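Data first, discussion second: the structure below is written as structure tokens.
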Amino acid sequence: MARDTLEPMDLKRNLPLQILVALILGAGAGLLWPRGHALPGGFEPYGLFDFLGSLFLRALKMVIVPLITGSIITGVAGAGSGRGLGRLFTRTFAWYVTTSLIAILTGLLLVNLIQPGLKGGVPVGPELGLTLQDPSLAAQLQDKSAGDLVGIIQRMVPVNPVAAAAEGQMLPLIFFCLLFGIAIGGLGPEHRAAQLRFWESLFEVMMVITGWVIMTAPVGIFGLMAKVTAGSGFAAFVPLLKYGATVLAALVIHAVVTLPVLVRTVGRLPAGRHARNMLPALLTAFSTRSSSATLPLTMDRIENGAGVSNRVTSFVLPLGATINMDGTALYECVAALFIAQAYGVQLGLVSQFVVVLTALLASIGAAGIPAAGLVMISIILDAVGLPLEGIALILAIDPVLDMCRTAVNVWSDSCGAVVVARKEGETGILADIDGGK
Ligand code: ASP
């Protein structure tokens with residue numbers, strides 16, 4: 001039967017292209033009408049960009065708590081025996097830690113090779129002006145220290161799981177949902193079936209709502225991009241270009257070489273096809289600068305696009321969005337060493353090792369929200385004894401780098417999901433993406 005109407009699925013199939021066009025149009029619109037520019041009649045386009053972008057972000061955040069609650073509980077409750085779950089845990093963590101460490105080492109290598117903090121052998125700190133202009137950031141940084149990591153572990157156990165959900169605190173919520181799912185797995189058949197039915201239906205409902213939100217992504221992303229380019233001029237970036245290029249080069253190596261090679265060799269899966277499938281989620285990560293806000297799209301692409309089971313998707317991705325951040329880990333390392341170079345401080349081997357370890361911990365502790373990684377650098381600076389004011393050096397260029405590192409964070413989570421699924425013996429992964437249909 002011929003269809004003359006556009007079905008939601010058709011809209012979704014064109015989504016990568018729509019989002020790409022929205023990104024470009026948004027960036028252009030922002031440059032054309034910068035903040036403060038009013039059109040005839042007094043209408044300020046910046047207000048509209050802000051409105052569209054925030055509405056989209058709010059809608060994404062709206063689905064996250066019920067979506068991941070339903071997803072983790074059903075995934076873990078159906079994950080099988082204790083041993084099966086333990087294996088899934090081990091594989092997932094092995095992926096997280098290994099890829100994050102490789103990312104950090106890539107950053108470490110490039111920052112030592114390129115030395116963006118030196119110009120003709122002279123530290124660039126004084127040239128960039130070492131003052132911390134933003135007092136609220138200074139206050140935020142004061143209470144972040146290496147000791148804060150113990151606090152992060154402590155806060156993983158929620159005093160009140162409902163409050164954690166209401167406040168959108170991801171780690172304690174995930175922790176409670178994992179326990180809840182494990183407990184269901186151990187119930188007698190009658191209660192187990194009743195619980196599973198409820199949570200599975202809840203999850204289905206949330207997937208439908210998520211689908212609706214995803215269809216609005218092009219409009220939201222247009223607004224978010226336009227807001228970024230309308231709000232910041234290019235002048236502030238110029239002295240930081242070498243540093244920015246170092247971070248970007250390391251991110252590109254990790255995303256385009258390291259991860260695809262791992263997907264091919266460890267997972268024996270087609271990395272290019274995987275990337276095409278993930279494009280809408282990666283572009284959303286880029287424009288929202290938030291792995292958590294992107295989570296609904298990431299889950300949709302992995303479960304509905306790549307064909308990974310709900311069991312693996314719902315375990316690997318929510319956890320990954322919160323604790324697996326390869327892009328952030330790499331960035332933390334490059335930024336800390338850039339600050340050291342800019343101050344003229346030579347970090348020895350032991351200090352560089354401390355940087356690697358704390359960068360890993362900081363990336364685990366960073367929330368999946370914009371600029372979380374920037375604040376976490378203070379943990380590394382604190383650990384190696386560098387002044388926290390150094391963060392002021394890299395503030396101007398951070399939003400752009402945040403976009404790129406967030407996309408890499410989501411890319412690494414998604415690679416982890418398909419590889420872990422493959423290792424769990426799942427078949428037919430990515431079979432339905434283009435050539436497969
Ligand atoms: N914005 C990043 C994310 O959500 C975290 C960061 O700031 O590095 O993944």
Side-chain angles (χ1 to χ4, degrees), residues 53 56-58 60-61 64 68 96 99-100 103-104 106-107 134 137 140-141 144 148-149 152 168-171 173-174 220-221 224-225 227-228 243-244 246-248 250-251 254-255 259 278 281-299 301 316-339 355 358-381 391 394-417:
F56 176 57
L57 272 182
R58 290 182 74 97
L60 280 173
K61 288 180 186 160
I64 288 172
I68 70 159
Y96 289 167
T99 56
S100 294
I104 296 172
T106 309
D134 183 350
L137 185 71
Q140 224 179 330
L141 297 177
K144 295 272 173 201
D148 208 45
L149 288 169
I152 290 169
Q169 298 170 5
M170 301 297 272
L171 267 191
L173 181 64
I174 291 174
I221 284 173
L224 288 170
M225 271 316 285
K227 199 179 147 192
V228 170
Y243 155 70
T246 311
V247 176
L248 288 186
L251 286 176
H254 190 67
L259 289 174
M278 289 311 297
L282 299 181
L283 294 175
T284 305
F286 183 81
S287 46
T288 58
R289 293 160 55 201
S290 168
S291 317
S292 292
T294 310
L295 185 58
L297 272 98
T298 319
M299 291 176 69
R301 286 296 72 218
V316 177
L317 292 180
L319 213 55
T322 331
I323 68 173
N324 179 46
M325 298 194 180
D326 289 10
T328 301
L330 178 159
Y331 157 84
E332 302 282 329
C333 174
V334 176
L337 286 173
F338 167 72
I339 292 171
V355 169
T358 41
L360 178 68
L361 294 175
S363 74
I364 293 174
I369 55 172
L374 180 71
V375 177
M376 285 310 228
I377 292 177
S378 50
I379 291 181
I380 306 176
L381 298 183
I391 294 181
I394 54 174
L395 272 182
I397 204 173
D398 190 67
V400 180
L401 300 182
D402 196 5
M403 292 173 144
C404 303
R405 65 181 187 251
T406 308
V408 175
N409 290 345
V410 169
W411 174 231
S412 164
D413 295 340
S414 73
C415 292

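None of these values were measured; they are calculated from a predicted model. Each ligand, and each atom within it, is numbered from 1 in the order the structure gives.
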task = Keeping the roles fixed (side chain from D402, backbone from P370), state whether a donor-acceptor pair exists under 3.5 Å.
result = no

message = Please enumerate all residues that pass side chain to side chain contact (heavy atoms under 4.5 Å, CB included) together with T106, with sequence neighbours excluded.
response = I102, A250, I253

inquiry  = Tell me if a side-chain donor or acceptor on W411 pairs with a main-chain N or O of A255 at a distance below 3.5 Å.
reply    = yes

Within the 4.0 Å heavy-atom sphere of ligand 1, strictly under, residues = R289, S290, S291, M325, T328, A367, G368, I369, P370, A371, A372, G373, D402, R405, T406, N409

key: For F56, ring pair (Phe, Tyr, Trp, His ring centres under 6.0 Å) partners two or more places apart   = none

In residues 327-335, what donor-acceptor pairs under 3.5 Å come from side-chain atoms, sequence neighbours left out?
from, atom 1, to, atom 2, distance (Å)
T328, OG1, N409, ND2, 2.9
Y331, OH, D398, OD1, 2.6
E332, OE1, I377, N, 3.3

message = Less than 3.5 Å apart, any donor N or O on the side chain of S412 or N324 sitting next to an acceptor on the other?
response = yes

